[in-house]
**Q** 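This structure is in C-alpha cells; I'll ask about it shortly.
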Amino acid sequence: MAKSKATAFFCKECGYESSKWMGQCPACKAWNSFVEAPAAGKGALPGKGGAVARESAEPCTLDQVPAERETRISTGFGELDNVLGGGLVPASLLLVGGDPGIGKSTLLLQVCRNLAADGRSVLYISGEESLRQIRLRANRIGTITGNLRFLCETNLDTVAHVLEKYRPEVVVIDSIQTMYREDASGAPGSVGQVRESTNVLLQLAKGLGITIFIVGHVTKEGTVAGPRMLEHMVDTVLYFEGERSASYRILRGVKNRFGSTNEIGVFEMAEEGLREVKNPSEFLLSGRPEGASGSVVACAMEGTRPILLEIQALVCRTNFGMPRRTAAGTDYNRVNLLMAVLEKRLGLRLSECDAYVNIAGGMRISEPSLDLGIVTALVSSYQDRPVDDSLLVFGEVGLSGEVRAVSMAEQRVAEAVKLGFETCVLPQSNRAAMKKDYPVRLIGVRNVQEAMAVLEGNAGRKGGAADGKV
Ligand code: TYD
Ligand code: MG
C-alpha cells in the first residue's frame with residue numbers, strides 16, 4: 001500500500017508517525033513538534049539477512065532457556081554497577097543522556113579504561129572529537145592498558161562493518177546524533193537518522209552479542225534530542241545530571257530492563273576525571289550554614305538509598321501585590337500546596353510573603369517525604385528561628401496538616417545515625433512501627449502543629465525537652 005520511500009512526518013518529542021503534518025501531536029500533545037522525514041525503511045543491516053529474527057522464531061518454554069544467563073560485567077565503578085542493577089549485561093544496549101559538557105564522554109572513557117584493564121576488548125567510537133582530543137582527555141584520567149581501541153567515524157555502515165570484523169565486547173558510540181546512514185535521508189541528528197542508527201545498533205548488540213553504550217544529547221526540554229522513542233528501543237536509559245558549576249554529578253537510572261530504576265550513582269568531577277562519591281549525604285551536607293534560620297536537613301530515598309540533604313527556605317514580606325514563589329530542586333506546586341496548608345492549619349500569613357525554597361547542592365528531588373522538611377524550613381525562616389543543627393526531619397504532609405507515614409523509615413533513621421544526628425522528627429505511625437532501638441532521639445509527630453511544637457522546644461538547644469516517645 002505505502003510506497004517504500006514515501007515521506008512521513010514524525011513528532012520530534014515522542015516519535016509519533018503521521019502521513020500529514022499536524023500542529024499538535026495527538027500522542028504527546030506537544031505543539032509544533034512535527035518534522036518531515038522519510039518513512040522508516042526495512043532497517044535491516046546490510047548483508048545480515050535478519051539472522052536475529054530467524055533465530056528467535058522458534059517458541060520455547062522457559063526451562064529450555066539456559067539458566068546461567070545472569071552474567072554481569074563490572075564497570076569498575078561501584079556506583080555505576082549499582083545503577084545498572086549489579087553490572088553490565090552482555091549484549092545490551094544502553095543510552096547515556098545528559099547536557100553537553102556534563103561528563104558523559106569522560107565517564108564512558110573511564111568505564112572503557114576499567115573494562116580494558118580487566119582484559120576485555122573495548123572500542124570507543126567518537127563522532128564528535130578527534131583522536132588528539134581523546135588522547136588529551138585520556139592523559140588526564142590516567143594510563144590506559146589492555147585492549148582499548150579508538151575510532152573516529154560517523155558513518156554507521158562503516159561502524160557496523162568494523163564491529164562485525166573486530167567483535168569487541170563493549171562499544172561506546174559518542175554520540176548518536178553524529179551518526180548517519182547513507183540510505184536514510186535527513187541530516188545527522190534528525191529524527192529519521194537517529195531512529196535508523198539506533199535500530200542498526202540494536203541489531204548489532206543483539207546479533208553479535210556486544211554491549212553498546214550510546215551517548216545522547218539532551219534537548220532543552222530534558223529529553224534525549226528529538227526522539228524520545230530512543231528510550232523505548234534501548235534496554236537501559238541512564239541520565240547524567242548535575243549543575244555544571246557544582247562538581248558532583250548524579251547518574252540516574254530511568255529505565256532498566258535488568259534491574260530496578262531510580263537507583264542513583266554519585267560522582268565528583270575532579271582534575272583527573274570522575275571520582276565516585278561513596279557517601280553522598282556527607283558530601284551534600286558539607287558547607288551547611290550553622291545557626292541560620294530556614295535551613296533544615298531532610299532525608300530522601302533514591303531507590304533503596306537514603307540521602308540526607310539540606311532544604312533551605314527564605315520567606316520575606318512581599319513588595320508587590322502578587323507574592324513571588326520559587327522552588328529550586330523540588331516540585332513548585334508541592335511547595336505552594338504546603339504553604340497553603342501552613343496558612344490554614346498554623347495560621348501563618350504566608351500569602352503576604354515571597355517564598356523561595358531550594359534544595360542545596362543542586363539536587364533535584366520531589367519525594368513526599370521531603371514535605372515535613374520543606375514545612376519546617378518555611379516556618380523557621382518565617383519566624384526567623386534557626387532549627388537545631390543536629391536534627392533531621394522527614395514525613396509526608398497531607399492537606400489537613402496531618403503527618404503521614406513514609407516508606408523505609410528505618411533506613412532513613414539509620415542514615416541519620418551514621419552521620420551523627422541526635423534527633424529525628426518523623427511521622428508518629430513510623431515511630432510506632434520501629435522495632436529496633438537507635439542511638440538517636442526519635443520524636444513521632446501526628447500533624448504539623450505537633451511538629452512545630454517540637455521544633456520550638458528544640459530550637460538552638462541540644463538537651464532533651466520534648467518527650468522522646470510523644
Ligand atoms: P565531557 O565528558 O566532555 O562532557 P560531555 O561528553 O557530556 O559533553 O566533560 C567535559 C567537562 O568535564 C569539561 O568541562 C571539563 C571537565 N573535566 C574535568 O573537570 N576533569 C577531567 O579530568 C576531564 C576529562 C574533564
Ligand atoms: Mg562528549
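In each ligand, atom 1 is the first atom listed, and ligand 1 is the first ligand listed. One-based numbering along the sequence shown.
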**Q** Can E310 and R288 be counted as an ion pair, charged N to O under 4.0 angstrom?
**A** no
**Q** Could you confirm whether S105 has any N/O/S atom lying under 2.8 Å from the Mg ion (ligand 2)?
**A**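 An N, O or S atom of S105 is closer than 2.8 Å to the Mg ion (ligand 2), so yes.
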**Q** Please determine whether any non-hydrogen atom of G273 lies less than 4.0 Å from an atom of ligand 1.
**A**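 It does; at least one heavy atom falls under 4.0 Å.
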**Q** Do any nitrogen or oxygen atoms of G101 lie less than 3.5 angstrom from nitrogen or oxygen atoms of ligand 1?
**A**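 Yes.
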**Q** Can you list the ligand 1 atoms lying under 4.0 Å from a non-hydrogen atom of P100?
**A** 8 (O)
**Q** Are D174 and S126 linked by a side-chain donor-acceptor pair shorter than 3.5 Å?
**A**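 There is no such pair between these side chains.
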**Q** Relative to the heavy atoms of E271, which atoms of ligand 1 are at a distance of less than 4.0 Å?
**A** 20 (N), 21 (C), 22 (O)
**Q** Tell me: protein heavy atom nearest atom 20 (N) of ligand 1, and distance?
**A**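 Going by distance alone, atom 20 (N) of ligand 1 is nearest to A270 O, 2.8 Å.
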**Q** Can you tell me if N256 uses its side chain to pair, donor with acceptor, with the backbone of L84 under 3.5 Å?
**A**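 Side chain of N256 to backbone of L84, a donor-acceptor pair under 3.5 Å: yes, one is there.
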**Q** Test the R412-F394 pair against the cation-pi criterion, namely NZ or CZ under 6.0 angstrom from the six-membered ring centroid and within 45° of the ring axis.
**A**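 Yes; both conditions hold, so R412 lies above the ring face of F394.
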**Q** Below 4.0 Å, non-hydrogen atoms only: which portion of M269 touches ligand 1? Side chain, backbone, both or neither.
**A** side chain
**Q** Are any of the heavy atoms in S175 under 4.0 Å away from ligand 1?
**A** no
**Q** What protein heavy atom lies closest to atom 25 (C) of ligand 1? Include the residue and the distance to one decimal.
**A**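 Looking only at protein heavy atoms, the one closest to atom 25 (C) of ligand 1 is T106 OG1, 3.9 Å.
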**Q** Heavy atoms only, cut-off 4.0 Å: how does S105 contact ligand 1, side chain, backbone, both, or neither?
**A**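 For S105, backbone and side-chain atoms both sit under 4.0 Å from ligand 1.
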**Q** Under 3.5 Å between any N/O of G103 and any N/O of ligand 1: does that happen in this structure?
**A**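 It does: an N or O of G103 is found under 3.5 Å from an N or O of ligand 1.
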**Q** Should the ring pair Y124 and F150 be called parallel, tilted or perpendicular, given that the plane angle runs from 0 to 90° and is split at 30 and 60?
**A** tilted
**Q** Using protein heavy atoms only, decide if any is under 4.0 Å from atom 15 (C) of ligand 1.
**A**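 Within 4.0 Å of atom 15 (C) of ligand 1, no protein heavy atoms are found.
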**Q** Between C152 and E129, is any pair of side-chain heavy atoms under 4.5 Å apart?
**A** no
**Q** Please find out if less than 6.0 Å separates the ring center of F283 from that of Y248.
**A**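 Ring centroids of F283 and Y248 are less than 6.0 Å from each other.
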**Q** Start with the C-alpha gap between D235 and V89, add the side-chain angles, then the distance that decides, and say whether side chain to side chain contact (heavy atoms under 4.5 Å, CB included) holds.
**A** CA-CA 10 Å; D235 296 311; V89 174; over 6 Å; no
**Q** Is it true that the side chains of E410 and Y438 contain a donor and an acceptor less than 3.5 Å apart?
**A**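 Side-chain D/A pair, E410 to Y438: present.
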**Q** Specify side chain, backbone, both or neither for D99, according to which of its non-hydrogen atoms lie closer than 4.0 Å to ligand 1.
**A** backbone
**Q** Distance only, no hydrogens: is a donor on one side chain within 3.5 Å (strictly under) of an acceptor on the other, for S369 and E396?
**A**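 No, no side-chain donor-acceptor contact under 3.5 Å.
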**Q** Between ligand 1 and R140, is the shortest N or O to N or O distance under 3.5 Å?
**A**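 There is such a contact, yes.
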**Q** Which residue supplies the protein heavy atom nearest to atom 24 (C) of ligand 1, what is that atom called, and how far is it?
**A**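 Here the closest protein heavy atom is R137 CG, 3.5 Å.
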